[in-house]
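Everything quoted here is computed from the prediction, not taken from an experiment. In what follows, chains are A, B, ... by sequence order, proteins preceding strands, each numbered from 1.
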2 protein chains.
Amino acid sequence: MSSKATPSMLGRALLALIHRSPSSGYDLRKLFAESHLHHFSSSPGAIYPALQRLENDALIQGTVEQIDTLRPRRVYRITPRGLAALRAWLECRVTREDVVSNIKDLTLRFACMGGHLDDAATLRFLDGIVTELAPFVAELEEFARTGTGDLPVHGRLAVKSGLAQYRSFLEWAREARNHFQEGETGG
Amino acid sequence: MSSKATPSMLGRALLALIHRSPSSGYDLRKLFAESHLHHFSSSPGAIYPALQRLENDALIQGTVEQIDTLRPRRVYRITPRGLAALRAWLECRVTREDVVSNIKDLTLRFACMGGHLDDAATLRFLDGIVTELAPFVAELEEFARTGTGDLPVHGRLAVKSGLAQYRSFLEWAREARNHFQEGETGG
DNA sequence: CGATACATGTAACCGGTTACATGATTTT
DNA sequence: AAAATCATGTAACCGGTTACATGTATCG
């Protein structure tokens, strides 16, 4: 049935985790609840429907294990289709939209690349962030310098807060890029 | 009817803007579309229903102007109830939850304080951020130092990215606090 | 025997996204 | 006359939140 192209952010996170190792809904809930990966809900009302959607789209495949033991677990594994979707998500070009509005998503993407994409792909990703984010930060800086004259103090400071966040992410991307370049120079 | 306590983030933003100056839905859409305040949608499907909810809760009051001119505008004004709700939102204590998960919301709150709360209240707010955020950042730093040994490189770097964001916001809050303290010393 | 952990789900609600729908006014 | 802008809305859809519902296994 439904061949929806793009799962939600939660769906993508689940897909990546299931790819790393086959898991049940309960496993994944525990992961979210215990880990320092906040901004993900561990509520069953979010996770189980998300898993069902992924299975409807044939990105994962659930099989019930331990039927005899009266404590059955529905364990999900990624499908070839799911692997393709995951790869497409991880490898797609970074846009300005992404760096302006989806920093959480980018961080998630980065975390999911580990052990899946090679260092060259990671480098392309980080380069993409720097390429898109640097001019935006420059624009914001320009705006903070010249465009906030009519704004009240609170407004000016609020702009500075946003700017600081973006700048910090840009710096992180540059450092991470350097990190991966060092490991890559040998080709 | 419905006396819902807390409007959504969009609702709160609209409430604050309407408080600043009475506005129509169209005015507000333009504001969101043009301003550097991203992370707010200017789509009519978001704004008009949000305004209706605010009016249902008697936080704002709409009156049609220019009925004769064949181009009527529904202009909203804040009500006493709305003013109370706005004040309650702006003045409520900053929690750990807030600094961990709702940084956008805190920034919005700060921006909305301008010209509405006095500097003492702003100081309390910024102090609250520092008080709640500093220990959390310390914990995260501790975790980044000692707890990420089993994580792959990507995971470690992703944690660092989050940490950098929080640290940046904490620094901003400290600087802003200093800014307001200087202006307040004469009290 | 009661609490906690294991394990999976559903249902109502809420609010944002996207797209559609309508029609007047001003500008080119 | 066409295009852009003013101005307001609705309807379908999607997905997260909250709360509810169910039952077993294990530990103290």
Novice: Taking OH from B:Y48 and P from D:dC6, how many angstroms apart are they, rounded to a whole number?
Specialist: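 Atom-to-atom, B:Y48 to D:dC6, this comes out as 11 Å.
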Novice: B:F40 has an atom CZ; how far is it from atom P of C:dG16, in whole Å?
Specialist: 9 Å
Novice: Return a table of donor-acceptor pairs under 3.5 angstrom between the side chains of residues 143-150 of chain A and protein atoms on other chains or two or more places apart.
Specialist:
from   : atom 1 : to     : atom 2 : distance (Å)
A:R145 : NH1    : A:E142 : OE1    : 3.0
A:T146 : OG1    : A:E142 : O      : 3.1
A:T148 : OG1    : A:A144 : O      : 3.1

Novice: Check nucleotides 17-21 of chain D against the protein and report each pair of N or O atoms closer than 3.5 Å, with its distance, or say if there are none.
Specialist:
from   : atom 1 : to    : atom 2 : distance (Å)
D:dT17 : OP2    : A:S41 : OG     : 3.1

Novice: Quick one: list whatever passes side-chain hydrogen bond (donor to acceptor under 3.5 Å, both in side chains) with A:T131, sequence neighbours left out.
Specialist: none
Novice: Taking only heavy atoms on the protein side, list every residue of residues 21-32 of chain A lying under 4.0 Å from any atom of DNA chain D, sorted numerically.
Specialist: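 When residues 21-32 of chain A is checked for heavy atoms under 4.0 Å from DNA chain D, there are no hits whatsoever.
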Novice: From NE2 of A:H39 over to P of D:dG16, roughly how many Å is that when rounded to an integer?
Specialist: 14 Å
Novice: Find the distance A:E34:CD to C:dA5:P and express it as a whole number of Å.
Specialist: 10 Å
Novice: Is there a donor-acceptor contact under 3.5 Å from the side chain of A:Y166 to the main chain of A:V100?
Specialist: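 Here the side-chain-to-backbone pair exists.
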Novice: Rounded to whole Å, how long is the line connecting atom CZ of B:R73 with atom P of C:dT25?
Specialist: 15 Å
Novice: Hey, could you give me each pair passing salt bridge (Lys or Arg N to Asp or Glu O under 4.0 Å) that has a residue in residues 85-94 of chain B? Not counting sequence neighbours.
Specialist: B:R93-B:E132
Novice: Tell me the interatomic distance from A:E65, atom CD, to C:dC6, atom P, rounded to whole angstroms.
Specialist: 17 Å
Novice: In whole Å, what is the span from the CD1 atom of B:I47 to the P atom of C:dG15?
Specialist: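 Answer to the nearest Å: 15 Å.
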Novice: For residues 98-122 of chain B, pull every pair meeting ring-ring contact (aromatic ring centres under 6.0 Å, His included), keeping only residues two or more places apart or in separate chains.
Specialist: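 Every pair satisfying ring-ring contact (aromatic ring centres under 6.0 Å, His included) with a residue in residues 98-122 of chain B: A:H154-B:F110, B:H19-B:H116, B:F110-B:W172.
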Novice: Go through it in stages, so that I can follow the logic: the residues are B:F32 and B:L14, the test is side chain to side chain contact (heavy atoms under 4.5 Å, CB included), and I'd like the CA-CA distance, side-chain angles, deciding distance and then a yes or no.
Specialist: CA-CA 10 Å; B:F32 287 156; B:L14 293 172; 3.8 Å; yes
Novice: Calculate the interatomic distance between A:R12 atom CZ and D:dG15 atom P; express it in whole Å.
Specialist: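 So the CZ-P distance, A:R12 to D:dG15, works out to 11 Å.
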Novice: As a test of reading the structure: which of C:dG16, D:dT10, D:dT8 is closest to the side chain of B:L10, going by heavy atoms?
Specialist: C:dG16
Novice: Is the closest side-chain donor-acceptor distance between A:T122 and A:D119 under 3.5 Å?
Specialist: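 Judged by distance alone, the side chains do not pair up.
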Novice: So, is B:R74 near the phosphate of D:dG9, with a side-chain N or O under 4.0 Å from OP1 or OP2?
Specialist: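 For D:dG9, OP1 or OP2 has a side-chain N or O of B:R74 closer than 4.0 Å.
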Novice: Tell me whether A:E171 is salt-bridged to B:R167, with the criterion being a basic N under 4.0 Å from an acidic carboxylate O.
Specialist: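 Looking at B:R167 together with A:E171, the answer is no, because their closest N to O distance does not fall below 4.0 Å.
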Novice: On the nucleotide C:dG16, are OP1 or OP2 found under 4.0 Å from the side-chain N or O atoms that B:R53 carries?
Specialist: yes
Novice: Does A:S8 put a side-chain nitrogen or oxygen below 4.0 Å from OP1 or OP2 of D:dG16?
Specialist: yes
Novice: Between B:R81 and B:D57, does any side-chain N to carboxylate O distance fall below 4.0 Å?
Specialist: no
Novice: Check whether any side-chain nitrogen or oxygen of B:Q52 sits under 4.0 Å from OP1 or OP2 of D:dT10, and answer yes or no.
Specialist: yes
